Amino acid sequence: MGLTKTLLFTDSQNQLAALAKALAHPARIAILEILLQRSECVCGDLVEVLPLAQATVSQHLKVLKEAGLIQGTIEGPKSCYCIDRQQWLSAVGLIQEFMHQQPKNDGACC
């Protein structure tokens, strides 16, 4: 969706859509699960655990970083990543708020 179209929606809707897009691949879910279990992670460690090439893991890390779910630093040839705690908690709140909405119909809509 183009930038002009996103302006037609609320900030919350755009944030939730960006978050959903970042979570929409099983490799990114796996990366998040690994990072949630550790305080930080070197990208090479992820490549050893995941059935993916280094370049593919790097691309998934980039998507997660752009979404704000992880943060990372580059130290020479190593890239260290961890969960961005503040952004993670914000994302959890956004998802919970959305998913706790109850349908108005009684299940007999069609």
Side-chain angles (χ1 to χ4, degrees):
M1 183 180 320
L3 179 61
T4 56
K5 296 291 184 185
T6 60
L7 296 175
L8 301 174
F9 300 94
T10 67
D11 286 342
S12 179
Q13 290 167 333
N14 282 303
Q15 289 172 350
L16 187 58
L19 179 60
K21 184 176 179 180
L23 296 174
H25 195 286
R28 293 194 283 270
I29 298 296
I31 289 169
L32 290 171
E33 288 175 339
I34 293 166
L35 294 177
L36 284 164
Q37 295 172 2
R38 303 179 187 185
S39 60
E40 65 179 34
C41 186
V42 176
C43 185
D45 289 347
L46 290 171
V47 173
E48 293 173 15
V49 177
L50 298 169
L52 303 170
Q54 171 69 51
T56 305
V57 172
S58 293
Q59 184 60 35
H60 286 301
L61 287 166
K62 179 183 174 190
V63 171
L64 292 170
K65 189 171 181 182
E66 287 173 353
L69 293 172
I70 65 172
Q71 55 188 355
T73 58
I74 297 172
E75 300 169 6
K78 297 180 182 179
S79 298
C80 297
Y81 291 91
C82 64
I83 297 293
D84 184 322
R85 186 170 175 76
Q86 183 177 352
Q87 290 292 87
W88 181 264
L89 294 175
S90 176
V92 167
L94 194 61
I95 292 170
Q96 284 179 334
E97 184 179 320
F98 178 72
M99 295 303 292
H100 277 103
Q101 296 180 72
Q102 296 296 317
K104 296 292 183 193
N105 66 29
D106 60 4
C109 66
C110 295

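Remember, predicted model here, so these are calculated numbers, not experimental data.
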Among residues at least two apart in sequence or on other chains, which ones pass side-chain hydrogen bond (donor to acceptor under 3.5 Å, both in side chains) with [X]?
X: Q59; answer: none
X: Q13; answer: T10
X: S12; answer: none

Check your understanding: Minimum heavy-atom separation for Y81 to L35, with atom names?
Key ->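 Between these two residues, the closest heavy atoms are O-CD2, 3.6 Å.
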Point to revise | Minimum heavy-atom distance L64-L32, with the two atoms named | key: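 Smallest interatomic distance, heavy atoms only, reads CD2-CD1, 3.9 Å.
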Name all residues meeting the side chain to side chain contact (heavy atoms under 4.5 Å, CB included) criterion together with [X]; count only those two or more places apart in sequence or in a different chain, and write none if there are none.
X: Q71; result: C82, D84
X: K21; result: none
X: A91; result: L19, L69

When rounded to the nearest 0.5 angstrom, what distance separates [atom1] in [X] from [atom2] in [Y]?
X: L61; Y: Q54; atom1: CG; atom2: CD; answer: 8.5 Å
X: E48; Y: L46; atom1: CD; atom2: CG; answer: 9.5 Å
X: I83; Y: Q37; atom1: CD1; atom2: CD; answer: 10.5 Å
X: I95; Y: L16; atom1: CD1; atom2: CG; answer: 6.5 Å

Check your understanding: Taking C-beta and beyond as the side chain, do D45 and R38 meet within less than 4.5 Å on heavy atoms?
Key ->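 Heavy-atom side-chain distance check passes, below 4.5 Å.
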Check your understanding: Got a donor-acceptor contact below 3.5 angstrom from the Q101 side chain to the F98 backbone?
Key ->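 Answer holds: yes.
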Check your understanding: If we ignore angles and hydrogens, is there a donor and acceptor under 3.5 Å between the side chains of Q86 and S90?
Key ->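 No - no donor-acceptor pair under 3.5 Å links their side chains.
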